[in-house]
Amino acid sequence: MDKTKNTKNILLKILLHAAGLGAVLAVMGLALFFIKYSFVDPAVNKNESRYINDIYDSPAVAFDHGITLEQPFSTHGDIYGVKIRFHNLGVPQAGSAYMELIETESGKAVASTTFNTEIMVNDVYTDIFFDAPYIAEREGTCDFVLKITPDFAKGSDAYMRVWGDSATGTMAFGVLKYRVNSDSLYGWYRLICIVAVFAAVILYWVCFIFSFKKEVVFVAALFAVSCLFSLALPPFSSPDEEAHINTAYRLCNEKFEGYTKADLAERTIQRRAEDYSETFENKYTNVFNYEYIYDNLFSKAESDEIKPISNVWAVSDFDGVYLMGALGIKVSHMLNLGYVPSMYLGRLFNLLFFAICVFFAIKITPVGKNIFMALSFFPITLHLVNSFSRDVFVISLGFLFTAYLLYLLKQEETYRWWQMVLLAVICVLLAPSKFIYCTLCMAVLLLDIKKVPVLNRVKLKINPVLAVLGIGVFGIVAVAAAIMLRPDVLRTILPAISSSESLETLLLTNPEATFNIGLMLQNPVVTLRLVLSTIFENGAYYIKSVAGGVLGYNNVLISDGFIIIVLMCAVAAAFAQEGEDYTLRTRDRGMFGVISLIILALVIYLGISWTPVSYTSIYGIQGKYLLPVLPMAFLALQGRTFAVKKDIFRPLCFVMGFTNLFAALNAAVVILQR
């Protein structure tokens, strides 16, 4: 009887899992079909835009009846047409214009068309295609002249203008270079489909079928989702990633490739000559990035030629934050990988560092495992950890520090020397990585002094005055250490403190000047009004940005529906869970709350310090700055009044992972529409 019952239970489980997995694949299949039908198929008609001059100070260039307008420019590759930003004061001009593309060297017209001027859209770029594209017969940059002769129906009374640079008279102008290769785009889409389906299957298996430990479930789910995230949001797409890549490359030069300071002048890196692509390095990701990535994803380096690149955008920062990216670049060179796989390998090394840190955080923390997992599956977290960003290092150590501190707080026996050394190493690495996160290290004051080696033999009576002094000394030491490692911070702060110009003077003489400490202290009402108006105007945006409602340079807006699901899961993760063998004390939660508020205040201060005095709301605040302290903030709010009775780690992991698969596809859809 028992045997029959067990057999039935097994069969029932198999049927339920088959139905669950089938439902997951059906939903994923419908989404992928919709993306192909609505976005991939139309994308094959898109052209790449390369701006020759994207400045539009004023309608600078006249476009008059019968007068030929000439625009010289240089570019390379095929030319399918041009794009121009017209201005006609909102009055459509009936008529047409004849456009010719002249090759400067030969003087021959190599492409032409006639277009209707009445359909021009006012004050936006208009794409104008040649009747037959100019197909480049040789490599390299060539010189051209674009000639446009308008023939307005009203004759000489009609005119239009073209936006441009008023100083030079250059039009706001670009070229449409070539149509997307449909084979490559469909190949990229097939790759997306394969990765999405496999990721969905892995998520279901590790969360519901296999009985892996929680930290293993997390890592498997993280890598499954990260594959799709990194394809949808490729290298150069995360905030300031170009600068982070250049800095990691320079660190690779210094630490692994033997270049001296003389070889690396300021803002110079030694880079493989073939590691350059204008299409790939377009931080405003478009369909042509996808085409290029698919064509070069598994490429090998063809030459060992090294080229010094000067005046690169790089960051002066603590070397540790770029070490993993630099190591990835070095390994890619050793494996002779091409440019695209080299960039992906550097990203992978950063992801590995994050995965290892959070793996151990979830493993060792006695409370809040759901919190660490949920925060790791915020779309903004996934976007950052799948990039070269220095934030990967800060977020990883912030999570690990909080978890390790909780582990020590629970420990009943005396701390061992190696535990204190490890804690010190984490603090020393965390403090200089970003100045404001020195504050996190204050939490070590929660440790029981009676359990610290050597100190446990000294009989001290700690009173409130001594406690305050201890915190003050600790803060001064942490700030001093950070300034020693980051002297640029001190150079930034001192001029701000000594500033003597009044706010009224700056508003009249230099309205683009930014706030500083002196101005904030002199004008507390203005500062408070700035904070409050920011909350009223952009409060909802900042809440979404903490989770990842807007990603990277791309200005990729993720659907509010996905963000709401992610935030609901984060709220569920914040509840205490029955069965956890440790409960945070009131003073622990209080300290975590104070640290969270201090870092929030520092983030607001940084935002104000970047804000011009003429602005009415704070400029530059980003939700990602709060990620390292969010575990502490969630734990500070966690109480025992409401507790979840069942273990929800795996269901939460699946829901957040599956939602993020759709967030990644959402990002790809936004990019395909461009």
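Because the structure is predicted, anything quoted here is derived from the model rather than measured. Throughout, residue positions are numbered sequentially from 1 according to the sequence presented.
More than 12 heavy atoms of other residues, nucleotides or ligands shown are found within 6.0 angstrom of CZ on Phe208. Within 6.0 Å of CD in Glu412 there are 12 or fewer heavy atoms belonging to other residues, nucleotides or ligands.
Minimum interatomic distance between Ala573 and Gln638 (heavy atoms only, all atoms of both residues): O-NE2, 4.5 Å. Taking every heavy atom of both residues into account, Ala361 and Phe372 meet most closely at CB-CD2, 4.4 Å. Summarising the geometry of Leu627 relative to Ile380, their closest heavy-atom pair is CD1-CG2, 4.0 Å, with the distance given to 0.1 Å.
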Open item on the list: Go through it in stages, so that I can follow the logic: the residues are Leu222 and Leu351, the test is side chain to side chain contact (heavy atoms under 4.5 Å, CB included), and I'd like the CA-CA distance, side-chain angles, deciding distance and then a yes or no.
Closed with: CA-CA 9 Å; Leu222 175 69; Leu351 176 62; 4.1 Å; yes
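No donor-acceptor contact under 3.5 angstrom links the side chains of Ser559 and Asn666, judged on distance only.
Judged as a side chain to side chain contact (heavy atoms under 4.5 Å, CB included), and not counting sequence neighbours, the contacts of Asp647 are Lys214, Gln577, Phe649, Arg650.
Residues Tyr322 and His244 place their aromatic rings such that the two centres sit under 6.0 Å apart. Ring-centre distance between Phe634 and Phe592: not below the 6.0 Å cut-off. Aromatic ring centroids of Phe349 and Phe353 lie 6.0 Å or more apart.
A salt bridge links Arg347 with Glu241; the closest basic N to acidic carboxylate O contact falls under 4.0 Å.
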